[in-house]
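Heads up, the thing below is written out as structure tokens.
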Amino acid sequence: MKPSRCCLVLLMALSTPYPAYAQSVSSSLSADTSPRDRLSFPDALTMAWAQDPLRSELGTNRRSAESRARAAGSWFAGGPSLSGSYFDDHAVGSNLGYTTYEGGVSVPLWLPGQGNATRKLARADAEAAAERSSAEHMALAVRLLDASAAVLLAHKRVTTTQALSSAAARLSANVARAAHTGEMTQADQQMAEAALASAQTDAAMAQEEAQTATARLVALLGAPVVPDLLAFSAPQSAEQKLVAHTVEDNDPRVRTAQKETAAARADLVLARRSFMPNPEIGVGAIHEKQYGSPWDNRVGVNFTMPLPSAVHNAPLLAEARNRVAAAETQETLARRMVRQELVQIRARLASASAALKSAQTAAQQLDRRADLMERSWKLQENSLDDALRARQAAYTADLVRDRAEILWHSAILRALIAAGAIPGLEQTPSALPRQPSALVVPTTAETDSMNDAAPPHTRQPGEALRIPEMVSSPRSSGAPMP
């Protein structure tokens with residue numbers, strides 16, 4: 001083997017300019033889609049809400065409750081009832097032509113306070129349905145955020161793994177030619193081929209992940225577009241809105257639980273007002289055909305009033321009390337859940353900023369280490385295996401940094417959703433905002449302050465990933481090679 005010629009071949013491979021295709025697929029996520037395909041998150045939420053099946057169901061529930069409230073304004077507790085009867089003595093009896101016709105109409109009456117209680121219950125059900133619609137709107141925003149972040153992460157991984165696979169293929173071809181001429185060992189060729197196979201496996205898995213994530217997003221939006229999450233990059237503003245927002249009073253889930261409790265209590269009032277079946281009042285007429293009778297027609301009034309009974313009252317009151325108990329329990333659980341979620345969102349907002357800064361620093365330092373290891377390998381100071389491991393670690397750190405960047409934007413947007421600061425989810429704060437604790441926002445200047453006078457090139461967030469020829473892909477778990 002001729003070391004000088006071997007180094008020359010690999011140096012030519014490493015100095016090959018990054019191909020245009022790899023540069024195009026490695027562009028930042030903000031430029032992955034054309035301006036025509038870019039969609040703001042509020043517009044995407046509007047699209048998803050327009051075709052959410054639960055929205056029409058809740059709208060139907062609200063309109064049904066409103067119609068019940070209008071119907072409860074009637075003068076009577078129900079519709080009129082008609083009655084009629086016919087009697088004669090032809091079939092059984094004297095057969096003298098005695099015939100009697102009777103007919104009547106009656107209507108049920110409201111019990112004291114029952115009509116007003118029925119209207120209040122229907123209005124409370126309508127308000128609860130409206131609040132459930134707001135809660136579902138917020139839940140849909142969270143699902144849309146998670147689906148969009150998953151698509152962006154999958155696209156990031158596809159971009160990096162494809163570029164890595166292309167670079168590994170070129171490296172494998174160069175090593176194979178060098179090994180064929182005897183300039184490199186068979187072990188080096190096997191190592192390059194293994195790196196290529198691993199890179200291709202990761203690229204295929206990344207494609208599958210991207211297709212699955214895109215399908216979930218399309219199911220929500222109905223169109224193959226990705227909302228722009230990277231536009232949300234102001235953690236201090238999100239923290240201020242989140243602090244100014246009194247979660248327990250303004251969160252749609254708590255308001256829904258409150259309305260459900262109010263509806264349950266209105267149902268209990270109605271059950272108490274319905275302490276007996278509704279009485280009925282009506283008019284009746286009798287027409288008789290009887291030989292020699294001085295009368296043949298009569299008109300009168302009838303009244304029916306069932307008496308109160310525990311058999312009738314107890315089940316109604318028990319069901320109403322059970323509904324109140326269940327609604328109060330759900331309200332308590334909703335308040336606990338919202339308090340816990342608020343703490344979690346604040347912690348995630350702070351940790352996402354710290355994680356992004358750490359990931360940026362780690363990616364920069366590992367990129368520098370990989371560059372130094374490549375230089376040492378070119379000078380035959382270390383092996384190809386060590387250089388590949390260094391590049392592998394740098395590649396994994398780039399993926400971690402990309403993930404931290406997307407999670408940082410997602411944490412900001414999640415805080416805005418909780419505060420109701422997204423168009424369509426606005427909520428009126430009920431408390432004065434306090435000064436939030438300062439959050440560390442990663443900047444390029446902070447991470448560049450540790451650089452030397454002439455440092456190796458390191459990629460910043462949003463910058464195209466520059467992968468040299470001597471690279472390898474990570475294992476399926478995403479962890480660096482040992």
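Model, not experiment: these values are computed from the prediction.
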### Query
Do Ser358 side-chain atoms and Ala355 backbone N/O form a donor-acceptor pair below 3.5 Å?
no
### Message
How long is the straight-line distance from OH of Tyr86 back to OG1 of Thr99, given to the nearest 0.5 Å?
### Response
4.5 Å
### Message
A quick test of your reading: do over 12 heavy atoms of other residues, nucleotides or ligands sit less than 6.0 Å from CZ of Arg273?
### Response
no
## Note on the structure
One should read off an interatomic distance between Asp228 CG and His409 NE2, to the nearest 0.5 angstrom, of 9.0 Å
### Query
Rounded to the nearest 0.5 Å, how far apart are CD1 of Ile412 and CG of Leu145?
11.5 Å
### Message
Pair Ile406, Ser410 - check side chain to side chain contact (heavy atoms under 4.5 Å, CB included), show working.
### Response
CA-CA 6 Å; Ile406 295 176; Ser410 300; 4.1 Å; yes
### Task
For residues Ala263 and Ala124, report the shortest heavy-atom separation together with the two atoms involved.
CA-CB, 3.6 Å
### Derivation and outcome, side chain to side chain contact (heavy atoms under 4.5 Å, CB included), residues Thr160 and Asp398
CA-CA 9 Å; Thr160 306; Asp398 286 336; 5.6 Å; no
### Query
Measuring from Leu270:CG to Thr118:OG1, what's the distance to the nearest 0.5 Å?
4.5 Å
### Message
Any donor-acceptor pair under 3.5 Å linking the side-chain atoms of Asp43 with those of Ser40?
### Response
yes
### Query
Shortest non-hydrogen contact from Phe232 to Leu416?
CD2-CD1, 3.5 Å
#### Entry: 4.5 Å side-chain heavy-atom contact, Leu217 and Pro224
no
### Task
Look at the side chain of Asn322 and the backbone N and O of Ala318, then say whether any donor-acceptor pair between them is shorter than 3.5 Å.
yes
### Message
Please check: side-chain N/O of Thr46 versus main-chain N/O of Pro42, any donor-acceptor pairing under 3.5 Å?
### Response
yes
### Message
Closer than 4.0 angstrom, basic N to acidic O: yes or no for Glu136 and Arg55?
### Response
no
### Task
For residues 100-117, pull every pair meeting side-chain hydrogen bond (donor to acceptor under 3.5 Å, both in side chains), keeping only residues two or more places apart or in separate chains.
Ser85-Glu102, Ser106-Glu280, Gln114-Ser274, Gln114-Asn278
#### Entry: ring-ring contact (aromatic ring centres under 6.0 Å, His included) contacts in which one or both residues fall within residues 315-346, not counting sequence neighbours
none
#### Entry: Flag side-chain contact, heavy atom, 4.5 Å: Asp251 against Met138
yes
### Task
Could you tell me whether the side chain of Glu288 reaches within less than 4.5 Å of the side chain of Ile286, counting heavy atoms only?
yes
#### Entry: Any side-chain heavy-atom pair of Leu45 and Pro227 under 4.5 Å
no
### Between OG on residue Ser133 and CG on residue Leu140, distance to nearest 0.5 Å
10.5 Å
### Query
Can you tell if the side chain of Ser309 reaches within under 4.5 Å of the side chain of Met276, non-hydrogen atoms only?
no
#### Entry: Closest non-hydrogen atom pair between Leu268 and Arg321, with its separation
CD1-CG, 3.9 Å
### Task
Please round to the nearest 0.5 Å and tell me the distance separating atom CG of Leu153 and atom CD of Glu405.
10.0 Å
### Summary
For Met47 and Ala223, the nearest pair of non-hydrogen atoms, with its separation, is CE-CB, 4.1 Å
### Query
Is the closest basic N to carboxylate O distance between Arg143 and Asp146 below 4.0 Å?
no
### Message
For the backbone of Leu144 and the side chain of Ser148, can you confirm whether one donor and one acceptor N or O come within less than 3.5 Å of each other?
### Response
yes
### Task
List the steps, then state whether side chain to side chain contact (heavy atoms under 4.5 Å, CB included) holds for Asp402 with Leu152.
CA-CA 10 Å; Asp402 292 339; Leu152 293 177; over 6 Å; no
### Query
Salt-bridged, Arg335 to Glu331, with N to O below 4.0 Å?
yes
### Query
Which pair of non-hydrogen atoms, one from Ala154 and one from Ala210, has the smallest distance, and what is that distance?
CB-CA, 3.5 Å
### Query
For the side chain of Ser67 and the backbone of Ser64, is there at least one donor-acceptor N/O pair under 3.5 Å apart?
yes
### Task
Taking Ser166 for its side chain and Gln162 for its backbone only, find out whether a donor-acceptor pair lies under 3.5 Å.
no
### side-chain hydrogen bond (donor to acceptor under 3.5 Å, both in side chains): pairs with one or both residues in residues 123-132, sequence neighbours excluded
Arg68-Asp125, Asp125-Arg323, Glu127-Lys259, Glu131-Arg255, Arg132-Glu260
### Query
Has Glu208 got more than 12 heavy atoms of other residues, nucleotides or ligands less than 6.0 Å from its CD?
no
### Task
For the residue pair Phe41 and Ile417, establish whether any side-chain heavy-atom pair is separated by less than 4.5 Å.
yes
### Leu349 versus Ser353, closest heavy-atom pair with distance
O-OG, 3.4 Å
### Query
Using 4.0 Å as the upper bound for N to carboxylate O, is an ion pair formed by Glu341 and Arg348?
no
### Task
Take Asn302 and Ile281, measure what side chain to side chain contact (heavy atoms under 4.5 Å, CB included) needs, and give me the verdict at the end.
CA-CA 6 Å; Asn302 59 70; Ile281 188 172; 6.0 Å; no
### Query
Within the distance-only criterion (no hydrogens, no angle test), does the side chain of Arg62 pair as donor or acceptor with the backbone N or O of Ala129 below 3.5 angstrom?
no
### Message
Do Asp202 and Leu164 make a side-chain contact, defined as non-hydrogen atoms from C-beta onward lying under 4.5 Å apart?
### Response
no
### Message
Measuring only between side-chain heavy atoms, which start at C-beta, is Leu399 closer than 4.5 Å to Lys156?
### Response
no
### Message
Can a donor-acceptor pair be found, under 3.5 Å and without considering hydrogens, that links the side chain of His287 to the backbone of Asn297?
### Response
no
